[in-house]
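Let me begin by presenting the structure, written as structure tokens, before commenting on it.
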There are 2 protein chains.
Amino acid sequence: MRVEEEAKPPVTSRRTLKREAAMSRIRVTARELLVEQGTAAVTVSAVARRLQVTGPAIYRYYDSHEALIQAVTADFYDELIDVIAAARDAGTDAADRLLRMCRALRAWAVAHPAEYGWIFQHPATAAGMAAESAGAAAGDRFGAVFRAELARLWRNGGFPVRDTAELPQALRRQLEAYSADIVEDLPPQAVHVLLGCWIRLFGTLSLEMSGQLEFAFDDPEPVFEECLAELADRLALEYRPPRSPDQV
Amino acid sequence: MRVEEEAKPPVTSRRTLKREAAMSRIRVTARELLVEQGTAAVTVSAVARRLQVTGPAIYRYYDSHEALIQAVTADFYDELIDVIAAARDAGTDAADRLLRMCRALRAWAVAHPAEYGWIFQHPATAAGMAAESAGAAAGDRFGAVFRAELARLWRNGGFPVRDTAELPQALRRQLEAYSADIVEDLPPQAVHVLLGCWIRLFGTLSLEMSGQLEFAFDDPEPVFEECLAELADRLALEYRPPRSPDQV
DNA sequence: ACCTCCGAGTTAACGGCGATAACTTCAGTA
DNA sequence: TACTGAAGTTATCGCCGTTAACTCGGAGGT
């Protein structure tokens, strides 16, 4: 305490430092409750109880139960994005990078199903609620990781595309709009492939995570790998199985 | 009242008739609340209030809040199955039947997003809870409609398949297990196509319904139609656009 | 070094929730 | 017609989210 420890930069004063530590502890505790006992157990009172404080104390840090959930979910987003970016950076070539990213995505989802549910199947999102600013921004950052990687692939050699003149007008219009919206330089026919792959990938994962494959598959991993093989084929990349050709 | 109206068959006595009417009224009211105000508004007290009774009265009919939700969800299942069966029966040939079924599925989902959410993204299902008997049975009945239609297609001419010898062992094992589980006579290589189509179809719809396509598509209908075209191609069926070639 | 003030945390309270217990009332059944 | 059991009531419990009013201690400025 008495030692002078870089006392100069009070940009983040001790007050705010302690505050941020407390907020972090609250979010971590909320996550623990989520993982241990499910969504319904993440309650303001329960978080406070576990932190040896009374309920209203939490409101010093988060305006409402909903705000707390949003903040915790934002943590999940950040963590998932970090995991995928790390997987990408461990890759050697385009195919390796993309396969690693997709496998890292599923691995994180399987290891953290409750967190995945809060990111992608949050009731507020599903219940007709319009995409609120924070959630949409986080979703964009997440999508941007994959989009940037595909844009890179498009620059370095490209991948087979279909002429958008063949497509229905309603589809072409939206592909052109999205192509114009993004920062990457992807023409509509490349956006078509990007979104097709996106839907295949996340559609499969979404079904697995919501338990809709259990009726037929006790181990959905080979289903996901089959999906990856299809994606690689679409992108004219070489598919390579994960580790050993037979076992995960 | 005093008229003798088939007084003989008291298999369902007046007591139980009134009871079933009351239970139906409760479920209908719960659905109204769900559609009007979202999942969180479907509360025992709110249902009771709208029915001009006090809260505990509901417990005469449903053991718990959860039991009520389950019963309401079962209604949704039945309704969706009926809609799809009707669409199937309106079809003329194999391709027409299958396309009508898929379009009826999406049309119901889009018209009833909250109900769809309770069927396919119920928190109890997603929160790691094992598939409870009632839910699993309803899901099986639902899947059986599509499975039976594909089995019929398999009998009448079939569709292209891949040799299961090419597939990873973990995948082959599960395809064989599911092939043995179902009542229809579908070999593993046909089950492979069936499940692949199932995942493509429901993966796409699942993304749309959970709002995960909004970042790029304001109208996901052509995306779904593109999915149907792919499914038709896989099944060696002729794809036909819905009504007029340009508009829904 | 002191003083001030602000923020963390407290208690008390409100309304609403799911759920149970004990009671009253009334209609279907025998 | 008499009775019995179902339907519905009130009262109550514990938990939730949230707000208000208060205390207290330490960080920050002088």
Side-chain angles (χ1 to χ4, degrees), chain A residues 1-27 29-30 33-34 36-72 123-124, chain B residues 1-27 29-30 33-34 37-72 123-124 127:
Chain A
M1 293 292 183
R2 214 155 297 174
V3 190
E4 299 263 330
E5 34 177 357
E6 312 287 341
K8 285 295 170 58
V11 190
T12 57
S13 71
R14 297 174 56 141
R15 281 265 245 267
T16 55
L17 266 184
K18 262 202 108 70
R19 180 178 178 82
E20 277 168 13
M23 294 180 82
S24 172
R25 250 180 295 129
I26 291 174
R27 294 196 306 273
T29 305
L33 287 167
L34 169 66
E36 294 171 12
Q37 301 168 243
T39 297
V42 185
T43 182
V44 176
S45 308
V47 171
R49 216 155 27 226
R50 194 170 276 218
L51 286 172
Q52 310 264 46
V53 230
T54 59
I58 304 295
Y59 289 82
R60 288 279 156 191
Y61 303 96
Y62 292 99
D63 285 344
S64 67
H65 179 252
E66 177 62 22
L68 172 57
I69 266 71
Q70 290 287 124
V72 174
Chain B
M1 292 292 183
R2 212 155 295 169
V3 190
E4 300 262 332
E5 33 176 357
E6 312 284 342
K8 284 297 169 58
V11 189
T12 59
S13 70
R14 298 176 51 145
R15 279 267 246 266
T16 56
L17 267 184
K18 258 198 113 61
R19 181 178 175 81
E20 277 168 13
M23 293 179 83
S24 171
R25 249 179 296 128
I26 291 174
R27 293 197 307 273
T29 304
L33 287 167
L34 169 66
Q37 301 169 242
T39 297
V42 184
T43 179
V44 175
S45 307
V47 171
R49 218 156 24 227
R50 194 171 275 220
L51 287 171
Q52 310 264 47
V53 275
T54 61
I58 304 294
Y59 290 84
R60 288 280 156 190
Y61 301 97
Y62 292 99
D63 284 345
S64 68
H65 179 252
E66 177 61 24
L68 172 57
I69 267 70
Q70 290 288 125
V72 173

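The analysis underlying the following values was restricted to heavy atoms, covering all of them including side chains, and did not include hydrogens, waters or symmetry mates. Just so we're on the same page: letters track the sequence lines, and every chain starts at 1.
Under the 3.5 Å distance criterion, the side-chain polar atoms of B:Ser64 are matched with a main-chain donor or acceptor of B:Ala67. Using modelled atom types, no side-chain atom of A:Thr43 and backbone atom of A:Ala46 make a donor-acceptor pair closer than 3.5 Å.
Considering only side-chain atoms of A:Arg60, the nucleotide from D:dG8, D:dG17, C:dG9 that sits closest is C:dG9. Listed nucleotides: C:dA19, C:dG9, D:dA7. Nearest to the side chain of B:Arg19: D:dA7. Taking every side-chain heavy atom of B:His65 into account, C:dA19 is the closest of C:dT29, C:dA19, D:dG8.
D:dG17 atom C1' lies 15 Å from atom CD1 of A:Ile26, rounded to whole Å. What separates NZ of B:Lys18 from C1' of D:dG5 is a distance of 16 Å, to the nearest Å. For B:Arg25 and D:dA7, the CZ to P distance is 11 Å, given to the nearest whole Å. Rounded to an integer number of Å, the gap from B:Met23 CE to D:dG8 P is 12 Å. What separates CD1 of A:Ile69 from P of D:dC16 is a distance of 13 Å, to the nearest Å. Between A:Asp63 atom CG and C:dG7 atom P the separation is 14 Å, expressed in whole Å. With rounding to whole Å, A:Leu33 atom CG is found 11 Å from D:dG17 atom P. Straight-line distance from the CG atom of B:Leu17 to the P atom of C:dG28: 11 Å, rounded to whole Å.
Checking the phosphate oxygens (OP1, OP2) of D:dA6, no side-chain nitrogen or oxygen of B:Tyr61 falls inside 4.0 Å. When the side-chain nitrogen and oxygen atoms of B:Ser13 are compared with OP1 and OP2 of C:dT29, one or more of them lie within a distance under 4.0 Å.
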Tell me, with the steps shown, if B:Tyr62 and B:Val44 meet side-chain contact (heavy atoms from CB on, under 4.5 Å). CA-CA 10 Å; B:Tyr62 292 99; B:Val44 175; over 6 Å; no

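In this structure, A:Val42 and A:Ala30 approach most closely via the heavy-atom pair CG2-O, 3.7 Å.
Of the residues in residues 41-56 of chain B, those placing a heavy atom less than 4.0 Å from an atom of DNA chain D are B:Val53, B:Thr54, B:Pro56, in numerical order.
Salt-bridge check for A:Arg15 with A:Glu20: failed, with every basic side-chain N at 4.0 Å or more from each acidic carboxylate O.
Crowding of A:Glu36 atom CD: a count of heavy atoms from other residues, nucleotides or ligands under 6.0 Å exceeding 12.
Rounded to the nearest 0.5 angstrom, B:Arg27 CZ and B:Thr29 OG1 are separated by 10.5 Å.
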